[in-house]
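Working notes, structure below.
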Amino acid sequence: MKRTKIVNLLKADEKSLGQEFLVKGWVRTKRASKNIAFININDGSVIHNIQAVADVNNIDNEVLQNITTGASVAVEGVLIESQGKGQKYELEAKKVDLLGKADPEKYPIQPKKHSLEFLREVAHLRFRTNTFGAVNRIRHHMIFAVHKFFNDKGFYNIHTPIITGSDAEGAGEMFKVTTLDFDNTPRTEDGKVDYKKDFFGKATNLTVSGQLEGELAALALSEIYTFGPTFRAENSNTKRHLAEFWMIEPEMAFYDIHDNMDLAEEMLKYLIRYALDHCKDDLQFLNDRQKEEDSKKPANEREPMELIEKLNFILENDFERITYTQAFDVLRNSKPNKKGKFAFPVKEWGVDLQSEHERYLVEKHYKKPVIVTDYPKAIKSFYMKQNDDGKTVRGMDVLFPSIGEIIGGSQREEDYDKLHRRMEEMNIPKEEMWWFLDTRRFGTVEHSGYGLGFERLMLFVTGMGNIRDVIPFPRTPQNAEF
Ligand code: ATP
Ligand code: MN
């Protein structure tokens, strides 16, 4: 008999009642009395289990003993309406096969609540929990939705390099890529490492962003996006930073910063709507999970909204668009600033916004997502378009409740002379970047783009609190086990 996935079995119509099906999966729980055993099976296709009800006398005793949490089984049986509460259907088992045992003394995932910290230590098995099943199914739908959104708008997906020869992207500390022998590194006459002898004949790193190469493609294909892995060797052990994460970076010719903001807002709303439409059961599970966790916290640490309510809230509100200078004024005059409650006090125009400031703007002041533009040029990258005031650049950050910055982007400087001068001021190696400058020499046009950290989006959509729990295998300082 062919195997039926549980997701399809639970969707079956009345006509399937009384028919035989074969289900394969992993045992979540087993309860057995003298005559009857209830086996709850999950195969990951959906958050729900199917319950198999078996006559104990029909199952080999050793098989029954070994049907424990985590074991894999194949059950053939008749689909019937469930007698118990909480499920529509169950399987009246005719045949129960044990596929793989899971020694209950050693199997770490038991049918009880495990802490997320503990589950990170057994990340190879945490897929088998409801929480990580839900997160990873949602992750898949979000990946698919990103491609669908851009494809439907006529954007082209570009693969930008993972190994990069430029260290000028400027977005963070980089990981070196080398085949040189550390115990016997070739040196130049002045004692420096001789990268001419390295694999690529020059120093190379893992990319921190696909933007610069994305711009090259946009200045020919008009509207492109990248969606690839990026790497940052920043030693920041926060709940929002990974050393390896995935980034979505659209880059568009003929877009100014307003077009850029419109696209960012439209995209975020599309992705959130997509999750609400396609991940109902998983979101409901995470919603209820968060509510339960929250109820154990002191009132001032609780989430102001339930997860699904928060997602709908994004859809219902226009994002507030303000300049850095407006944000600065709000923050400087804010209660927490005056009372010394910010870890980073807001005193002088020009300071970078910290996530505590970003969250204050979103959660307390405007009470909706906020896009901040026109940042001081000193705190932003060399490639951002310079404003006529000589002080600010056309950067834009999109700020969300709970997480702060979710998107960073800008209108790009398309003027060769201005870009060249800024690179000089900021000590960006122009010689290495000749190819980037070339786009401003040949057929330059107004253009814009941004980067959305995919795991930041995942944090928001799932309501999970730690970025280590929204990527299957997190890479963080001192941690690359699985
Ligand atoms: P932050 O200030 O939060 O560190 P950033 O200013 O370094 O962010 P950008 O260089 O603008 O971020 O990167 C674009 C986007 O990539 C950010 O808006 C964020 O969504 C995401 N991002 C940046 N660094 C990380 C990281 N270490 N782990 C996961 N996502 C990240
Ligand atoms: Mn950073």
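Residues: numbered from 1 along the sequence shown. Computed from a predicted model, the values in this text were never measured in an experiment. Whatever order the structure lists ligands and atoms in, that order sets their numbers, starting from 1.
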Cation over ring, Lys380 on Tyr375, under 6.0 Å and within 45°?
-> yes
Is the Trp246 ring parallel, tilted or perpendicular to the Phe227 ring (thresholds 30°, 60°)?
-> perpendicular
If you look at every heavy atom in Arg422 and Lys377, which pair is closest and at what distance?
-> NH2-O, 3.3 Å
By number and element, which atoms of ligand 1 are closer than 4.0 Å to a non-hydrogen atom of Ile467?
-> 29 (C)
What are the atoms of ligand 1, with element, lying closer than 4.0 Å to any heavy atom of Ile406?
-> 18 (O), 20 (O)
Atom 12 (O) of ligand 1: of Glu405, His241, Glu249, the nearest heavy atom sits on Glu405
Is Glu265 salt-bridged to Lys269, cutoff N-O under 4.0 Å?
-> yes
For the residue pair Phe144 and Tyr274, does the interplanar ring angle fall in the parallel (under 30°), tilted (30 to 60°) or perpendicular (over 60°) class?
-> tilted
Atom indices of ligand 1 within 4.0 angstrom of Met247 heavy atoms, with elements = 14 (C), 15 (C), 16 (O)
Considering the heavy atoms of Arg240, write down every atom of ligand 1 situated less than 4.0 Å from one of them.
-> 3 (O), 28 (N), 29 (C)
Which of the atoms of ligand 1 are close to Ile407, meaning less than 4.0 Å from one of its heavy atoms?
-> 18 (O)
Look at the rings of His365 and Tyr360 and say which category their plane angle falls in: under 30° parallel, 30 to 60° tilted, over 60° perpendicular.
-> tilted
Close side-chain approach of Ile314 to Phe460, heavy-atom, < 4.5 Å | yes
Given Arg232, Glu455, Gln354, which one has a non-hydrogen atom that is nearest to atom 5 (P) of ligand 1?
-> Arg232
Pull out every atom of ligand 1 sitting under 4.0 Å from any heavy atom of Gly453, numbered as shown with elements.
-> 15 (C), 16 (O), 20 (O), 21 (C)
Could you tell me which atoms of ligand 1, counted from 1 in the order shown, lie closer than 4.0 angstrom to a heavy atom of Gly408?
-> 18 (O)
